[in-house]
Amino acid sequence: MSSTQTPAAEETAAGGRINPPENKFTSWLSHLLADLGKNGIFLALLAVILFFTVVTDGILLRPQNISNLIVQNGYILVLAIGMVMIIIAGHIDLSVGSVAAFVGACSGVFAVSWGLPWWLAIIMSLAIGALVGMWQGFWIAYVGIPAFIVTLAGMLIFRGLALVVLGNANIGSFPTEYRALGNGFLNNVFGDLDLDPLTLIVAAVAVVALIVGQFRTRSGRAKYGQEVEPIVWFVAKLVLITVAIGFFAYALASYKGIPVTLIVLAVLVLIYGVIMNRSVFGRHVYAIGGNRHAAELSGIKTRKTDFLLFVNMGVLAALAGLIFTARLNLAGPKAGDGFELEAISAAFIGGAAVQGGVGTIGGAIIGGLIIGVLNNGMSILGLGIEWQQAVKGLVLLLAVAFDVFNKRRSGGK
Amino acid sequence: MTTNILEMRSITKTFPGVKALSDVTLDVGRGTVHAICGENGAGKSTLMKVLSGVYPHGTYTGDIVFEDEVVEFKDIRDSEAKGIVIIHQELALSPYLSIAENIFLNNEQKGGLGLIDWNKTNHEAATLLARVGLKENPTTKIMDIGVGKQQLVEIAKALSKRVKLLILDEPTAALNDEDSDHLLDLILHLKEQGITSIIISHKLNEIKKVADTVTVIRDGQTIETIQKTDVTEERIIKDMVGRDLEHRYPDHTPNIGEEIFRVEDWTAHHPQDPTRVVVDKVNINVRAGEIVGIAGLMGAGRTEFAMSVFGHSYGSRISGKAFMRGQEIKTRTVSEAIGNGLAYATEDRKHYGLNLLEDIKRNIALASLDKLSSKGLVNDNEEYKVANGYRKSMNIKAPTVMAKTSKLSGGNQQKVVLSKWIYSDPDVLILDEPTRGIDVGAKYEIYAIINELAAQGKGVVVISSELPELLGICDRIYALSEGRITGQLPIEEANPESLLKLMTMEKPR
């Protein structure tokens, strides 16, 4: 309560002794503190980046490495988007790694063994992902078997089917267009320059769109008489974000341009961000996770919503499988191993609650980036895979413990 | 040595803001069956919790004298050690364990090495089952026997603790007639063996059957103790309700129009036990601008009826017809019911009404997102405006509509629930215990809101355990007993006595 502006302002009005500038400052400060609380996860990401930048002598932030960071972790981020939605609704999905492997194997058969056009192979693979999701969604939503069991079974089923499809062999040498999904860059449309102009232009457009969008939201809220944050803090945040995007874009432009994976991700984050923040469907997901009975008694079709969530997860797992396969240029039996755990970790580090009802797409993406930076940073340091695992486990535990501690302190339950 | 096994002297128990028990005195004769009667919330259960140590010594004032000795129980184990065993309405049995395991839970029959002696366990259990007249194998799992038999297992468990004083809290509330009769016979049988029983009940027939003495409690006070020979239904009812209706209700001038909603022959069965009828051919109607009450004791099927009508949210094998303004409507799903103009505000806000993780505005919008959205996207500015409107008009005490509902008081949470349903713009609102757990001031506000809804020409159905509340706000009251409508009274003819008589009317046998 103490961090909201209203009570402080009222006190001031009643007391009348504090002069306006100080009042402005305290409200500014209270907003800063409130935002720090809300954006703790963002600060954690910055801290991890800062830490690894120092210990790797700046290698972490070299243009090539920044580009790699995105490409290497793209599929985890794609999975994290679907996973956080599942977790918000109070479920879990353990099968996504196996589904990614299975779909990757199928796409190998379509694009390589059968020689189908790359776009048809991709569409068919995504459709298989949707079918897998319908299968699991059917058992969870309409038969009522807990998602933990259904997707644990799915983890075994689709890992097995991936091996069946591959027939104990790897499938490799995918068409160039297909491989672009994992390895491609959008660049050089204006000729081969040191600094790719297209990347910079896209970044500039994105920044302008962001600023315009933020101002429109702000004025919309103001028009309806809602409280808005002080303009100073609002502008400062936009400046910070602009600087961050600028730095990021400069790094990409001076390497190979925009990774295709990043484009896919950006589109997904936009679409799913709108779905979870603004759409009726998103509201239903939060309502179901927050209190399933109340949601049912409010007329929400909980089964249909659950079903659609798993279909969606199936498609995103398929997409992750495609990106991974394209990046390796190989559909193999070990693909997707452990993806589910990284996606689940990303969602929880990003603030999702185990009981459901709480979580955001943005949080899951940042959670995924924290894992990505940890992976990348520790690899640069030459830490073995065994230590990487242990550190990631510890970070997950501490992140959630911090969250629990925070909630307890703020008196929630 | 007196003839009383138990004397509770001047027991007073206060909760923050409420005096639950005030100077209550209870004398229970050795080897008798003593019934305690009272309305819901009169303080019966609180008194029994004081007696059994659920509320430990020191949290109440007054003395408990058990077997001529002042006792100070720290917890329920203390009272059980003295031979006082309470059997709660919700049975405390573990469904996946066997009968024998449940009987000796936390009292395991051990053999050598401190391991459980299963032969002894099952043998002892069989002996106890014979005493309560239950013909079941001790190794049968609790989940595989009916609730009537489970009740007997609870009594067997009490016997295993060498019970001297057995307390049964509404033991027959969930039982069918046959099981009830068997249980009452058992209580009399145990009496012959010297076991004293206290039975909390508001079924007057069964009180007359088993009780030697009846004590009536009202508003946390003992009204009187009646000997068996003097017990009459009229006297007990009068004792139970005799309180004055002050000006606790806002003025209400009914402006009643045409019939708006009607339910015919509505029947629903228990969801897990489709042979048990829970709602039995219920017929009710509501007219525009009318506030209709449904009175019924706990377990009468009030909530079950409302929820089965509202989107078949409760029960199995549901049959019957519903009509809105003369047109038959289907209510098979909640969204269908809402679409046909119904709204149902639950008696259990926390578990069925609110998403406590979310703020006020999202809770208010939840049942009407279609109104706030176009092309599947919610206009959250409109949502804010709507919610803020209700915050002001309903006087929801919160700094903003972005406040989480978990931080609100019961009364304000209830206003959020009502706002949600009013915003869905129904023709008929079913309000289930709309003032449960709410302080007096907020109650008045809720009553005013109900009046306002009626004044707008909506039909309002109020389900309540509190008779004064129904008498204070309704235009007409139905009484429900054992799933059946046993009568209806216009407000002019309704009084606590006439209603209680209908509410306790049992099925012809």
Side-chain angles (χ1 to χ4, degrees), chain A residues 1-10 34 88 90 216-228 271 274-304 352-353 355-359 407 410-413, chain B residues 307 310-311 313-314 333-339 342-346 348-358 361-388 398-407 417 420-421 424:
Chain A
M1 279 295 123
S2 62
S3 61
T4 58
Q5 192 195 3
T6 331
E10 278 169 5
I88 291 169
R216 280 183 55 181
T217 308
R218 183 184 162 86
S219 67
R221 287 169 62 90
K223 206 169 80 191
Y224 276 83
Q226 298 191 54
E227 192 199 343
V228 287
I271 293 176
V274 169
I275 288 179
M276 291 309 280
N277 271 327
R278 299 274 321 272
S279 80
V280 173
F281 180 80
R283 287 300 175 79
H284 287 182
V285 175
Y286 280 106
I288 289 173
N291 186 340
R292 183 170 291 267
H293 294 302
E296 271 168 11
L297 284 175
S298 300
I300 293 170
K301 299 191 167 68
T302 52
R303 292 179 174 198
K304 189 175 151 199
Q355 305 84 348
V358 177
K407 271 181 202 141
S410 73
K413 228 179 187 184
Chain B
M307 285 182 73
F310 190 66
S313 304
Y314 169 91
T333 64
V334 173
S335 44
E336 205 172 33
I338 295 175
L342 283 178
Y344 168 71
T346 169
D348 186 347
R349 288 185 293 277
K350 291 200 168 141
H351 293 114
Y352 292 94
L354 289 171
N355 179 353
L356 295 173
L357 300 174
E358 288 283 14
K361 69 177 158 61
R362 288 198 168 196
N363 271 288
I364 291 179
L366 192 58
S368 327
L369 284 173
D370 290 347
K371 278 197 227 174
L372 288 170
S373 58
S374 67
K375 299 188 190 110
L377 293 185
V378 181
N379 182 341
D380 40 11
N381 285 326
E382 268 309 306
E383 183 182 45
Y384 172 85
K385 191 175 142 192
V386 167
N388 210 29
T400 73
V401 291
M402 270 76 87
K404 296 261 188 283
T405 49
S406 56
K407 307 268 186 202
V417 172
K420 166 166 116 175
W421 290 114
S424 78

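The analysis underlying the following values was restricted to heavy atoms, covering all of them including side chains, and did not include hydrogens, waters or symmetry mates. Convention: sequence-line order gives letters A, B, ...; per-chain numbering from 1.
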Task: Part of B/Ser406 within contact of chain A (heavy atom distance under 4.5 Å) - done: neither
Task: Heavy-atom contact with chain A under 4.5 Å, split by part of B/Leu354 - done: backbone
TODO: Taking all heavy atoms of A/Ala294 and all of B/Lys420, pick out the closest pair and write down the distance.
DONE: O-NZ, 4.4 Å
- [ ] Taking all non-hydrogen atoms of both residues into account, name the closest pair between B/Tyr352 and A/Asn291 and its distance.
- [x] N-ND2, 4.2 Å
Task: Minimum-distance pair of heavy atoms, taken over all atoms of A/Gln226 and B/Asp380 - done: NE2-O, 4.3 Å
Task: Gap separating the OG atom of B/Ser373 from the CZ atom of A/Arg278, nearest 0.5 angstrom - done: 10.5 Å
Task: Nearest atoms (heavy-atom pairs only) where B/Tyr384 meets A/Tyr224 - done: CE2-O, 3.3 Å
- [ ] Measure A/Ile275 against the heavy atoms of chain B and call it side chain, backbone, both or neither at under 4.5 Å.
- [x] neither
Open item on the list: If we define contacts as heavy-atom pairs under 4.5 Å, which of B/Asp348, B/Thr333, B/Asp370, B/Leu366 has the most with chain A?
Closed with: B/Leu366
TODO: Could you tell me which of B/Glu358, B/Lys375, B/Lys404, B/His351 has the largest number of non-hydrogen atom pairs under 4.5 Å with chain A?
DONE: B/His351
TODO: Answer with side chain, backbone, both or neither: which region of B/Leu377 has an atom nearer than 4.5 Å to a non-hydrogen atom of chain A?
DONE: both
Task: Atom of A/Asn277, atom of B/Arg362 and distance for their closest heavy-atom approach - done: O-NH2, 3.9 Å
- [ ] Answer yes or no: are there more than 12 heavy-atom neighbours, outside B/Lys371 itself, under 6.0 Å from its atom NZ?
- [x] yes
Task: Region of B/Glu336 that comes under 4.5 Å of a non-hydrogen atom in chain A - done: neither
- [ ] Tell me, for A/Lys223 versus chain B, whether the close heavy atoms (under 4.5 Å) come from the side chain, the backbone, both or neither.
- [x] neither
Open item on the list: Looking at every non-hydrogen atom in both residues, tell me the closest pair between B/Ser335 and A/Gly299 and how far apart they are.
Closed with: CB-O, 3.6 Å
Open item on the list: Only pairs of heavy atoms separated by less than 4.5 Å count here; which of B/Thr346, B/Leu356, B/Val334 has the most with chain A?
Closed with: B/Val334
Open item on the list: Tell me which of these, A/Ile300, A/Val274, A/Leu297, has more heavy-atom pairs under 4.5 Å with chain B than the rest.
Closed with: A/Leu297
Task: Pick from A/Arg292, A/His293, A/His284, A/Arg221 with the largest number of heavy-atom pairs that fall under 4.5 Å of chain B - done: A/His293
